[in-house]
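Below: the structure, in structure tokens.
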Amino acid sequence: MRKRVVIAGLGDTGVLAAIRLARHYDVVGISTKPAFLSGQELGWRLSRPQEWARVNWIPFDRFRGLGRVRTVHASLTGVDLVNRRVFGRSADGSEVRSGYDALVIATGVTNGFWRKPELQSQADIGVELRAVHERLTGAESIIVVGGGAAAVSSAAQLATTWPDKRVDLYYPGERALVQHHSRVWDRVSRRLQALRVGLHPGHRAVIPDGFNGDQITSETVRWCGGRPTASADAVVWAIGRVRPNTTWLPAELLDEHGFVQVAPDLRVAGHPDVFAIGDVAATDPLRSSARNRADVVLARNVRAMFTGSPLREYRPPRRRWGSVLGVQPDGLEFYTAEGTAFRFPLWAFNRVLLPFFVRWGYYRGVRTNDPLSQRTISPGGR
Ligand SMILES: Cc1cc2nc3c(=O)[nH]c(=O)nc-3n(C[C@H](O)[C@H](O)[C@H](O)COP(=O)(O)OP(=O)(O)OC[C@H]3O[C@@H](n4cnc5c(N)ncnc54)[C@H](O)[C@@H]3O)c2cc1C
């Protein structure tokens with residue numbers, strides 16, 4: 001009988017892992033979203049959501065590689081590690097259970113107002129995307145709080161899409177993007193200045209108790225150290241308060257911050273049949289396994305576990321790399337861990353990088369001639 005692999009969470013890494021494993025095993029993917037909904041490219045999503053959705057919100061049935069994967073739209077609520085079963089609840093309240101021979105935990109993190117673990121329908125997702133976009137469309141001035149890639153890309157994309165709005169970026173350090181090579185910020189800050197984004201280093205916001213940046217606000221922002229307050233029609237919080245989506249897991253699997261503890265082979269200590277990958281997995285300080293294609297190592301190691309072969313190790317890089325600003329009207333800029341920049345013109349992104357490198361190379365084919373590709377982000381749209 002074919003072995004069964006359950007993938008918990010079908011986001012960026014869960015989908016990639018499912019596609020790789022489906023060639024060998026009976027794969028069941030359980031996820032709170034009815035489609036692939038990436039948490040990447042916040043700025044693009046906020047400012048040009050229709051375009052962003054084309055690349056980052058894709059119904060599962062459009063992935064050729066997921067053809068043999070059973071996708072279950074449900075929220076996982078627990079796991080029985082001894083009897084190898086997961087439990088969950090679907091949108092209609094019915095209970096979901098599935099046995100497994102191997103479990104892959106890829107439930108990601110909650111971050112701000114754009115990455116949430118709740119069960120959502122396609123219509124819910126569209127309504128939310130549109131509401132946030134309309135909120136920002138109506139604002140004449142926008143403050144972005146935060147110094148990571150999500151904040152920086154938001155400031156850049158908002159200023160690009162709406163050159164008439166006042167956009168200000170407030171970050172706590174001397175420079176933003178501290179997890180990237182310093183050359184990345186040198187280059188990105190010049191670009192932000194060219195876009196007339198106001199740069200405000202040394203501003204650490206006072207965060208009200210219980211607030212995690214999970215909504216766009218309009219109240220005056222106060223800063224630590226008594227700096228003058230700031231206000232705008234809309235305040236976008238991208239303060240990196242990520243929380244792992246692990247409330248469904250027993251504490252013995254988690255580190256002190258609630259992330260899943262894994263060995264370099266991506267296995268959970270004491271549970272050779274349980275793996276974790278992506279933002280939920282405490283692989284390294286940057287929890288970098290998603291962007292570094294650890295799905296390849298993971299799929300290989302699941303097979304090795306079943307066949308009794310040696311497992312490989314995931315080796316994380318020391319610095320962040322990749323795209324920071326996301327796709328802009330003049331293309332996509334990409335930074336290496338050493339801070340070198342590469343630019344793909346928009347035509348190359350649309351006609352080469354996206355269809356061949358991403359859709360075929362990563363995802364083994366994504367159907368585009370599907371009526372759902374006509375979906376809009378309006379309520380009731382798909
Ligand atoms: C190929 C690739 C390239 C990347 N490039 C870049 C880059 O250039 N720049 C950059 O900054 N980052 C990049 N990233 C990284 C990206 O920013 C994140 O690290 C990535 O989105 C995290 O993926 P994830 O699968 O861990 O989480 P997610 O994509 O968030 O997926 C988790 C899924 O699990 C679901 N879920 C949560 N709780 C439950 C539950 N209880 N039950 C069921 N489902 C649940 C969630 O709703 C979600 O659908 C890249 C990632 C990939 C894969």
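First listed ligand is number 1; within each ligand, the first listed atom is number 1.
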Report the C-alpha separation of Asn350 and Arg54 in whole Å, then their side-chain angles, then the decisive distance to 0.1 Å, and conclude whether the side chain to side chain contact (heavy atoms under 4.5 Å, CB included) test is met.
CA-CA 11 Å; Asn350 281 327; Arg54 187 172 58 93; 3.4 Å; yes

Under 6.0 Å from the six-membered ring centre of Tyr25 and within 45° of its axis: does the NZ or CZ of Arg303 meet both?
no

For residues 94-130, which residue pairs qualify under ring-ring contact (aromatic ring centres under 6.0 Å, His included), counting only residues two or more places apart or in two chains?
none

According to the ring-ring contact (aromatic ring centres under 6.0 Å, His included) rule, which pairs have a member within residues 326-350, sequence neighbours left out?
Trp321-Phe334

List, ordered by chain and residue number, the protein residues whose closest non-hydrogen atom lies under 4.0 Å from any atom of ligand 1.
Gly9, Gly11, Asp12, Thr13, Leu16, Ile30, Ser31, Thr32, Lys33, Gln40, Ala74, Ser75, Leu76, Ala106, Thr107, Gly108, Arg115, Pro117, Asn245, Trp248, Gly278, Asp279, Ala290, Arg291, Gly322, Ser323, Tyr362

Show me the pairs that pass ring-ring contact (aromatic ring centres under 6.0 Å, His included) and involve residues 228-252, at least two apart or across chains.
Phe211-Trp237

Could you measure the distance from the CG atom of Asn245 to the OG1 atom of Thr32? Nearest 0.5 Å is fine.
7.5 Å

